[in-house]
Amino acid sequence: MTKIIDLRSDTVSKPGEEMRRVMAEAEVGDDVFSDDPTVNRLEALAAERLGKEAAMFVPSGTMANLAAVLSHTRPGEEVVLGDRAHIFNMEAGGAARLGGLQMRVVRNLADGGLDPGEVAEVLRKETMHSPGTGLIALENTHNFKGGTAVPVASVDALGELARAHDVPLHMDGARIFNAQAALGVEAKRIAHACDSVSFCLSKGLGCPVGSLLCGSEEFIERARRYRKMLGGGMRQAGIIAAAGVYALENNVDRLAEDHANAALLAEGLGKHEAFRTNQPQTNIVMAEIVRGDAGDWMRKLKDAGVLAVMSGPQRMRLVTHINITRTDVELAVSRIDTILEGVAV
Ligand SMILES: *Cc1c(COP(=O)(O)O)cnc(C)c1O
């Protein structure tokens, strides 16, 4: 039977034996009463790793971002963010629907960051006529831009601008530990200029579920009420939080392996004229299909046991993760080579 190599996303990663063991043995309580010792431990650990006063455990990255956006703003305000931001494109318009917020997009730069000059141009105060800016949001690493790690100096520059205008800055750090590995800079330093930062446990860190939102004590206190409102107040959540504690202690340093595997995969794809790939800084490979039909390519890959997703009309996304070994990547590349041998190009 053909071994399936699932590169659709790092969210497809499954918990290993050791992680499942700590989950089964987790001490639990009712987290809505703040009684779950394992959730409390995870929140303390996350706050420490991100260099913030407090943290809140939530079921998903989408909820972490939405709780952040709601906590920072008032309805009718404007959120300034990148045109390729996950919050703008992939979170079902929750900020608009549930927060009554207007999204104001500026161009995402090639590295996933935002140009401070362009952001400065759109910041505005509330007047009789115009909405005021309630929040600026960044993303690091940047998913759509190909897992790019936004440089610290660029985050700092936006932080300075945000402070000067008295506007809070949020970082969607779903994959911030990938940025840490790529930049060789601690996550807490990357997020230093941000008032809040979210990150996912369920992606490269290999947990079955969960995200965290980090910020000041006062901010997290407000966010807890929104979490409750959104239906994210969980009870014996220590069972899933235990996976998060395990992952923060064991699965962070190994992210560099995923990055090396992504580089190998991009190299393997890029040697064919059919594809133009990014040079992945982290675990996301974007392959522009320059020869042939994208749907056709996806089918051929699937038939060969290599799973990817579309990320644009002629663009495939392939993501490495904890369940993908170097051998798997070599196998995927050799299967792609075989497909191309049979195709007239
Ligand atoms: C995955 C992701 C999210 C949302 O996470 P979910 O847990 O899937 O809701 C947010 N931002 C970015 C950049 C992501 O890649």
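When a ligand or atom number is given, it counts from 1 through the structure's own listing order.
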Which heavy atom of S196 sits nearest a heavy atom of H170, and at what distance? OG-ND1, 2.8 Å

Mind checking side-chain contact (heavy atoms from CB on, under 4.5 Å) for I322 and listing every partner two or more places apart, or none if nothing turns up? S13, N251, R254

Only one of V155, V106, L161 clears side-chain contact (heavy atoms from CB on, under 4.5 Å) with L114; which? V106

Under a 3.5 Å threshold, I'd like every N/O contact between ligand 1 and protein atoms, with atom names and distance.
from: ligand 1; atom 1: 7 (O); to: G61; atom 2: N; distance (Å): 2.8
from: ligand 1; atom 1: 9 (O); to: G61; atom 2: N; distance (Å): 3.4
from: ligand 1; atom 1: 9 (O); to: T62; atom 2: N; distance (Å): 2.8
from: ligand 1; atom 1: 9 (O); to: T62; atom 2: OG1; distance (Å): 2.6
from: ligand 1; atom 1: 11 (N); to: H86; atom 2: ND1; distance (Å): 3.4
from: ligand 1; atom 1: 11 (N); to: D172; atom 2: OD1; distance (Å): 3.1
from: ligand 1; atom 1: 11 (N); to: D172; atom 2: OD2; distance (Å): 2.6
from: ligand 1; atom 1: 15 (O); to: N143; atom 2: ND2; distance (Å): 3.0
from: ligand 1; atom 1: 15 (O); to: R175; atom 2: NH1; distance (Å): 2.9
from: ligand 1; atom 1: 15 (O); to: K203; atom 2: NZ; distance (Å): 2.8

Within the 4.5 Å heavy-atom criterion, are K203 and H321 side-chain neighbours or not? no

Without hydrogens or angle criteria, can the side chains of H142 and N108 be said to hold a donor-acceptor pair below 3.5 Å? yes

Electrostatic pair E218-R222, nearest N-O below 4.0 angstrom: yes

